[in-house]
Amino acid sequence: MQILLSIPSLWRVGLLCGLLAGYAAPALAVDPEPDVAIADQGQHLVVNLPQTRVYLYQDGLLLRTYPIAVGKQLTQTPTGNYSITGIYRDPTWHIPKSIQDEMVKQGKPLQTEIPPGPDNPLGKVFIRFGEPRLGLGFHGTNQPASVPGVRSHGCVRLRNENALALADWVNVGALVTIAYQPLVLNEDEAGELWLTAYRDVYGMKDPSYRYLANTLLSWQQEKGRVLHGARVDRAIRERKGVPVCLSCKDAEKAVVTGSLMAKRWLSIDSGGVPEDAESVRPAGGHFSPKFPRSMPSVS
């Protein structure tokens with residue numbers, strides 16, 4: 001049995017309710033794209049914190065992605081729009097006062113800096129984004145098993161080989177967007193609609209969730225096709241980070257055709273990349289593009 005999505009049921013119980021159970025994961029390993037307005041020209045790095053991935057775009061085209069580790073709950077990676085402001089190979093780590101205090105509390109020897117080498121937590125390269133006073137950057141690691149994850153002090157950690165490849169590719173001035181989207185919608189090359197639900201790692205209560213029902217209903221009306229509400233329900237409850245096909249007729253045989261491309265539902269009214277490439281939101285905030293005025297606010 002196929003069911004139409006119901007806005008009242010979504011708002012009433014907090015999840016899309018349905019009668020169908022089960023969904024199938026795609027056969028191909030694909031990276032769902034977050035919905036961020038990408039620069040048409042130049043380099044643009046996009047991090048979606050719940051996904052623990054960084055996306056590298058050149059002239060609007062996705063080139064590659066890398067797994068990353070991002071800030072812990074207590075030391076969140078702040079969202080916002082930045083630019084690359086420096087690339088430093090074989091860096092010396094000048095340990096922030098806050099981390100020095102942690103060392104003392106944990107009974108570790110107090111250190112103020114760590115020189116280049118195998119014990120340096122920055123690995124082989126540090127790629128700064130934002131103003132130096134923020135202390136933010138992409139960098140390598142001396143603990144490759146920690147990537148991907150949610151465990152840094154706010155920086156974006158990569159495995160050394162990926163950090164070096166990023167340093168070889170990126171230029172000073174490249175745009176960087178740090179987003180927070182636990183729910184990601186994508187369409188594959190066959191026109192099927194996929195939802196990927198990630199853990200709400202910072203406990204932000206899914207800032208995009210209130211727009212999901214209208215988006216899915218609009219997609220149904222535009223495409224003249226039925227979406228399966230129970231698959232939405234289960235994906236959001238389980239949050240496995242696995243793409244779930246909402247439109248495929250046979251859930252057991254659902255596979256991604258080609259690549260997954262971002263369904264524009266959060267950035268459709270953003271008008272492109274913000275002019276202020278250094279607009280920073282404090283830790284605990286979320287990337288907040290302009291939403292269509294026709295979508296109601298729901299508490």
Side-chain angles (χ1 to χ4, degrees), residues 31-32 34 36 45-55 65-82 84 91-114 118-160 162-163 166 176-184 196-209 238-241 280-288:
D31 286 321
V36 173
L45 286 70
V46 174
V47 169
N48 185 20
L49 296 171
Q51 285 185 267
T52 60
R53 304 288 297 188
V54 58
Y55 295 76
T65 73
Y66 295 128
I68 57 175
V70 301
K72 299 177 291 187
Q73 173 68 29
L74 294 178
T75 54
Q76 299 176 11
T77 303
T79 59
N81 297 287
Y82 309 83
I84 297 296
T92 294
W93 184 35
H94 300 281
I95 304 175
K97 181 63 166 57
S98 60
I99 299 180
Q100 293 181 37
D101 293 341
E102 286 184 21
M103 293 177 173
V104 173
K105 291 179 181 179
Q106 296 170 3
K108 298 179 180 179
L110 178 62
Q111 295 176 280
T112 59
E113 65 179 41
I114 296 179
D119 296 327
N120 192 316
L122 300 182
K124 297 182 178 298
V125 67
F126 182 83
I127 306 167
R128 187 175 64 211
F129 60 85
E131 298 178 10
R133 64 178 177 81
L134 298 173
L136 296 173
F138 299 92
H139 63 77
T141 180
N142 61 345
Q143 300 180 28
S146 67
V147 179
V150 182
R151 50 177 57 92
S152 80
H153 283 86
C155 283
V156 178
R157 184 187 306 175
L158 299 91
R159 299 184 184 115
N160 279 327
N162 293 338
L166 177 58
V176 177
T177 297
I178 309 295
Y180 193 90
Q181 297 176 9
L183 300 181
V184 177
T196 311
Y198 299 90
R199 290 190 305 115
D200 183 11
V201 293
Y202 291 166
M204 293 187 184
K205 308 302 182 185
D206 284 359
S208 62
Y209 182 70
E238 297 185 351
R239 295 183 180 273
K240 292 183 176 180
V280 181
R281 291 170 177 79
H286 64 273
F287 180 60
S288 180

So how far is it from [X] [atom1] to [Y] [atom2], rounded to the nearest 0.5 Å?
| X | Y | atom1 | atom2 | answer |
| --- | --- | --- | --- | --- |
| Thr177 | Phe129 | OG1 | CZ | 10.5 Å |
| Ile68 | Thr77 | CD1 | OG1 | 7.5 Å |
| Leu49 | Gln181 | CG | CD | 10.0 Å |

Non-hydrogen side-chain atoms of [X] and [Y] separated by less than 4.5 Å:
| X | Y | value |
| --- | --- | --- |
| Pro67 | Arg159 | yes |
| Val147 | Leu158 | no |
| Thr52 | Tyr198 | no |
| Leu45 | Phe138 | yes |
| His139 | Pro91 | no |

Do you know the tightest heavy-atom contact between [X] and [Y]?
| X | Y | answer |
| --- | --- | --- |
| Cys155 | Gly135 | SG-O, 3.3 Å |
| Gly241 | Thr196 | C-CG2, 3.5 Å |
| Leu136 | Gly154 | CD2-O, 3.7 Å |
| Ser152 | Thr75 | O-OG1, 2.9 Å |

Q: Given side-chain contact (heavy atoms from CB on, under 4.5 Å), test Arg239 with Leu183 step by step and report yes or no.
A: CA-CA 9 Å; Arg239 295 183 180 273; Leu183 300 181; 4.1 Å; yes
Q: Could you tell me whether the side chain of Asn142 and the main chain of Gly123 form a donor-acceptor pair under 3.5 Å?
A: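 Not at all, since once roles are kept as given, no pair shorter than 3.5 Å links the two residues.
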Q. Among pairs that include at least one residue of residues 136-151, which meet salt bridge (Lys or Arg N to Asp or Glu O under 4.0 Å), considering only residues two or more places apart or in two chains?
A. none
Q: Would you please name every residue forming a side chain to side chain donor-acceptor pair (under 3.5 Å) with Arg53, sequence neighbours left out?
A: Asp31, Thr65
Q. With sequence neighbours excluded, what pairs up with Ser146 under the side chain to side chain donor-acceptor pair (under 3.5 Å) test?
A. Arg157
Q: Check step by step if side-chain contact (heavy atoms from CB on, under 4.5 Å) holds for Val36 and Tyr55.
A: CA-CA 11 Å; Val36 173; Tyr55 295 76; over 6 Å; no
Q.
For residues 118-129, which residue pairs pass the side-chain hydrogen bond (donor to acceptor under 3.5 Å, both in side chains) check, not counting sequence neighbours?
A.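 Checked against side-chain hydrogen bond (donor to acceptor under 3.5 Å, both in side chains) - neighbours excluded - the pairs reaching residues 118-129 are Thr85-Arg128, Tyr88-Arg128.
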Q | Residue list, ring pair (Phe, Tyr, Trp, His ring centres under 6.0 Å) with Tyr66, at least two apart or on another chain | A | none
Q) Who pairs with Asp200 by side chain to side chain contact (heavy atoms under 4.5 Å, CB included), at least two apart in sequence or on another chain? A) Tyr180, Pro182, Met204, Asp206
